[in-house]
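Single-structure report; data block below.
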Amino acid sequence: MTELKTHFRTCPLCEATCGLEIQTRGDEVVSIRGDKLDPFSKGHICPKGFSLKELHDDPDRIRKPMIRKGDEWNEVSWDEAFEEVRAGLQKVLTKYGRDGVGVYLGNPNVHNLAGLLYVPIFLRALGSRYRFSASTLDQIPKQLVSEMMYGSDFSVPIADIDHTDYFMIIGANPYVSNGSMMTAPDMKHRLQQLRKRGGKFIVIDPVKTATAHAANDYYSIHPGTDAFFLFGLIHTLFEEGLVNSRHLQEYIHGLDVIEKLAKPFTPEVVQNKCGIHASAIRKLARDLAHAPSAAVYGRMGTCTQEFGTMNSWLIDLLNILTGNLDRKGGVLFPKPAAGGRNIGKTPRKKETYRFGRFSGEVRGLPEVLGELPTSCMADEIEGSDTLKAFITIAGNPILSSPNGNRLQQAFDKLDFFVSVDCYLNETTRHANVILPVPSPLERSHYDLSFYHLSVRNIAHYSKQVFKLPNDQLDEWEILLHLTEIVSGQELGNDPVKALDDYSVMKLVQSETQNKQSRIFERSEKDILKELQVHRGPERMLDFLIRVGPYGDHFGKVENGLTLSRLMEHEHGIDLGALEPRIPEVLLTSTKKIELAPTPLVKDVERLKAKIVSEDSNQLVLIGRRDLRSNNSWMHNLPVLIKGKERCVLYLHPLDAVNEGIETGDYVKITSRVGSLVVPVVLNEEIKQGVISLPHGWGHHFSDTRLSVASKHEGKNTNLLSDEQVVDEVSGNAVFNGIPVTIQKTNETEGENVDGSIRIESI
Ligand SMILES: Nc1nc2c(c(=O)[nH]1)N[C@H]1C(S)=C(S)[C@@H](COP(=O)(O)OP(=O)(O)OC[C@H]3O[C@@H](n4cnc5c(=O)[nH]c(N)nc54)[C@H](O)[C@@H]3O)O[C@H]1N2
Ligand SMILES: Nc1nc2c(c(=O)[nH]1)N[C@H]1C(S)=C(S)[C@@H](COP(=O)(O)OP(=O)(O)OC[C@H]3O[C@@H](n4cnc5c(=O)[nH]c(N)nc54)[C@H](O)[C@@H]3O)O[C@H]1N2
Ligand code: SF4
Ligand SMILES: [Mo]
């Protein structure tokens with residue numbers, strides 16, 4: 001009998017980074033449980049962690065490259081697939097230049113070492129301005145604010161939830177999402193501990209969510225009006241003399257501007273806009289100011305709405321004005337072991353941001369942190385004379401981005417389409433070629449991204465559980481093949497090695513030429529030699545760890561961290577609680593925290609105009625998440641999909657009275673861009689005037705390979721979200737607060753995006 005083996009690794013599915021203990025026999029997964037010895041997650045696991053076995057075994061998962069001819073897909077060799085890609089892309093690049101090829105990067109890229117290290121290399125080689133990603137459907141407002149206030153889009157202050165006395169959660173549901181832009185496994189336990197030690201947490205949300213139920217207090221807010229509420233809090237702090245930026249005083253710039261901006265937003269003025277009573281706003285401001293330590297945290301509900309950037313800015317301001325930034329129990333900047341984007345860097349020379357340096361040709365939306373907003377992707381494809389080919393890497397924008405219907409029509413117009421993915425799904429069905437990636441258990445892992453956002457400093461490297469099958473390429477190798485193709489250069493008979501060597505050499509060079517680095521002016525050759533023990537992502541990771549804050553700096557620090565040393569700790573290493581990093585972390589030209597960056601200040605006019613405008617009483621649609629979903633792509637796993645139908649509309653009973661709608665009835669929801677028929681569940685926990693539908697559903701296409709998901713298809717809520725309405729500053733998508741109407745219908749069927757008719761079941 002084959003031997004039973006135990007592997008310890010981090011779960012790569014969400015931001016919580018739980019440690020898993022996986023037992024295997026031969027090429028079978030025998031069991032998956034939480035790793036009790038993981039210093040961060042201490043044994044916690046959620047249903048998605050267990051589902052890695054089914055994901056690995058899923059017969060629908062693509063294991064061989066595929067080429068589509070007409071409606072037919074054929075499995076081909078890697079050579080054939082790459083030749084097809086070369087022919088298709090080169091034709092477009094020759095005729096239309098670099099902007100002929102657009103790219104969309106989906107969420108799993110940030111959960112993947114290959115994606116994080118090699119996608120940038122590919123993008124540099126491609127040199128197209130048409131770069132889109134899930135970031136502009138998600139957290140870009142936060143990053144843009146960080147870029148402007150602290151000088152780096154990776155300087156996102158993280159709530160110190162393990163030490164705080166008072167935690168305000170706005171538009172986030174960590175009990176279900178497991179936390180986001182705040183890496184902390186077992187949020188439930190952490191929040192319970194917060195209460196146990198006498199702390200308080202409160203939730204501001206249009207829905208009394210699972211998190212809200214566990215909170216000390218819950219305040220119901222009208223979607224899209226957080227900026228009013230937040231300005232109300234700031235106004236109160238100034239008015240009642242509660243501003244106390246404590247240790248930050250010498251590092252802040254622009255306080256007087258903020259005081260002036262907050263003047264018109266008295267609690268009495270904003271209460272009618274946001275639905276939270278003036279006396280409650282005043283109380284919350286006082287509680288925040290008087291708490292021994294406090295942290296204000298906002299997530300999807302605050303980012304993906306019309307005032308996404310303003311909300312993110314005002315949240316940071318609240319933490320600063322109460323002196324809680326960079327302080328135990330407040331919000332702090334993590335110090336990741338590898339790739340720290342705000343460690344050892346030189347402050348800017350002039351106050352310029354990576355923002356608005358170019359714009360989309362058709363809709364004219366400005367660039368944000370090197371990419372264009374995904375909300376304009378369909379416009380750009382349809383209207384551009386150059387954008388004729390497209391590549392998606394780990395993305396399903398047909399289900400995840402606004403107005404999926406229009407995007408589908410735009411995709412159909414392209415000359416050539418490539419997807420790097422593991423499923424034939426709603427997006428990749430448009431591809432001419434699909435390049436399949438290994439299962440999560442066949443690749444190594446290190447959370448290069450999320451240790452930038454983590455509530456403790458952690459380093460955990462995971463080896464692959466299973467070796468790559470013989471005929472499977474690693475994802476970084478696929479990305480380097482694509483790099484070679486778009487570079488158009490002759491790179492010899494091992495282009496992957498040539499590009500990998502070159503990329504590492506450039507990485508080393510940038511560090512040996514960086515005056516702030518501890519390997520400044522060291523011999524590149526010697527360093528490259530020391531890195532030879534590893535290849536691919538491991539070599540780069542080794543380098544990043546060694547020049548990082550805990551690294552050995554190639555012999556300079558005795559017992560300093562290297563990848564090999566980290567590998568000896570199979571449960572990962574706890575590098576300690578977050579610690580203050582100001583002023584070292586500040587990279588603005590003034591080396592101060594810029595409280596009032598011009599683009600943000602200007603945007604306040606937009607909010608002011610709303611003070612006097614009439615409010616409509618139209619129903620608004622918001623989104624929600626569910627514990628056993630992961631955006632759009634894990635509905636094909638029986639262990640997650642079983643049970644009650646989840647793609648249902650939540651409607652307040654009082655909003656149902658007029659039309660006599662009851663649970664189990666069907667309603668037609670209509671927005672500016674489309675309509676959907678969905679089953680209703682009456683729910684008193686949702687604010688009156690608000691309805692909610694989860695995203696990531698709509699698996700009804702007959703030409704996908706999702707045999708399980710297609711039996712639980714649900715409806716794509718993004719057929720209702722409007723691609724023309726964005727957060728004006730960042731261009732971020734608006735998923736919360738979409739004006740809609742509903743109508744009871746006797747049909748239990750609705751027209752889907754591709755025109756096919758399906759019967760719903762509840
Ligand atoms: N209405 C509404 N829409 C939303 C949201 C919302 O709250 N409401 N949320 C938004 C948010 S926050 C996000 S992050 C986006 C997500 O948007 P996307 O990233 O576009 O969508 P996902 O559903 O995450 O799809 C991931 C894709 O990657 C593939 N994949 C999985 N693992 C790998 C891998 O290791 N490598 C590769 N190459 N491919 C892989 C999957 O098969 C799938 O095709 O959705 C957004 N859309
Ligand atoms: N189980 C599960 N976990 C996930 C995911 C998943 O799909 N399923 N996706 C992952 C991803 S990609 C992300 S980005 C994170 C997101 O993580 P979270 O942001 O914690 O998750 P959401 O459930 O989207 O929470 C948003 C909350 O905002 C509320 N809301 C809506 N509109 C407004 C508003 O205008 N104002 C306020 N104050 N609140 C509002 C909603 O009711 C909801 O409770 O979750 C991650 N984790
Ligand atoms: S909470 Fe996230 S990281 Fe932890 S097991 Fe679940 S999916 Fe994996
Ligand atoms: Mo996300």
Side-chain angles (χ1 to χ4, degrees), residues 10-18 20 34 41 44-52 55 61 104-112 114-115 133-135 137-139 169-181 185-187 203-207 209 211-212 221-226 229 298-305 311 374 392-402 419-423 425-428 435-440 443 475 478 620 622-634 686 690 692-696 716-718 720-721 733 735-737:
T10 336
C11 173
L13 294 173
C14 91
E15 298 182 41
T17 73
C18 301
L20 303 179
S41 62
H44 177 257
I45 185 172
C46 87
K48 282 185 288 182
F50 292 112
S51 78
L52 280 169
L55 180 59
R61 194 166 55 76
Y104 173 86
L105 307 169
N107 166 281
N109 279 302
V110 289
H111 297 270
N112 185 340
S133 88
S135 291
L137 307 175
D138 189 347
Q139 84 293 349
I169 302 177
I170 314 177
N173 188 10
Y175 262 53
V176 169
S177 68
N178 289 303
S180 177
M181 300 300 278
D186 204 353
M187 285 294 306
V203 171
I204 318 284
D205 202 295
V207 183
T209 59
T211 310
I221 191 165
H222 192 68
T225 64
D226 299 76
F229 167 68
R299 205 42 289 273
M300 278 301 279
T302 59
C303 284
T304 48
Q305 54 148 291
N311 291 334
T374 294
T392 62
I393 306 175
N396 193 3
I398 291 292
L399 295 193
S400 58
S401 62
S419 288
V420 182
D421 209 288
C422 44
Y423 281 107
N425 63 18
E426 300 75 17
T427 294
T428 62
L435 302 170
V437 297
S439 105
R443 58 171 158 89
E475 188 153 354
I478 299 171
V620 291
I622 62 169
R624 67 171 188 269
R625 284 177 156 73
D626 136 12
L627 198 56
R628 287 181 291 122
S629 274
N630 195 17
N631 299 320
S632 75
W633 69 278
M634 293 183 71
I686 192 161
V690 185
S692 113
L693 202 59
H695 74 287
N716 177 8
T717 187
N718 282 323
L720 300 170
S721 44
F735 296 127
N736 292 307

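Everything numeric in this text was worked out from a predicted model, so none of it was measured. In each ligand, atom 1 is the first atom listed, and ligand 1 is the first ligand listed.
- An N or O contact shorter than 3.5 Å links Val420 to ligand 1 by distance.
- By the 3.5 Å distance cut-off applied to N or O atoms, Asn630 is not counted among the residues near ligand 1.
- Residue Asp421 holds the heavy atom nearest to atom 43 (C) of ligand 1 of all those in Thr392, Ile478, Asp421.
- Contacts of Asp138 classified as salt bridge (Lys or Arg N to Asp or Glu O under 4.0 Å), with partners at least two apart in sequence or in another chain: Arg299.
- The protein non-hydrogen atom at the shortest distance from atom 6 (C) of ligand 1 is His695 ND1, 3.3 Å.
- Contacts of Thr225 with ligand 2, taken as heavy-atom pairs under 4.0 Å, are absent altogether.
- Residue contacts with ligand 1 include Cys422, since one or more of its heavy atoms lies under 4.0 Å from the ligand.
- Scanning the protein for heavy atoms near atom 38 (N) of ligand 1, the closest one is Glu475 OE2, 2.9 Å.
- Ligand 1 has no atom lying under 4.0 Å from any heavy atom of Gln139.
- Using a 4.0 Å heavy-atom cutoff, Met181 is absent from the residues neighbouring ligand 2.
- When non-hydrogen atoms are compared, ligand 1 lies under 4.0 Å from the backbone of Ser632 as well as from its side chain.
- Close approach of ligand 1 to Asp138 (heavy-atom distance below 4.0 Å) involves ligand atoms 12 (S), 14 (S).
- Counting only distances under 2.8 Å, and ignoring water, the protein N, O or S atoms around atom 4 (Fe) of ligand 3 are Cys18 SG.
- Checked by atom type and distance alone, the side chain of Thr302 never pairs as donor or acceptor with a backbone atom of Gly171 at under 3.5 Å.
- For the ligand labelled ligand 1, residue Gly106 lies inside the 4.0 Å heavy-atom shell.
- With a 4.0 Å heavy-atom cut-off, ligand 1 is reached by the backbone of Asn396 and by its side chain too.
- Proximity of Thr427 to ligand 1, defined as any heavy-atom pair under 4.0 Å, is not found for any part of the residue.
- There is a side-chain donor-acceptor pair under 3.5 Å between Asn396 and Ser632.
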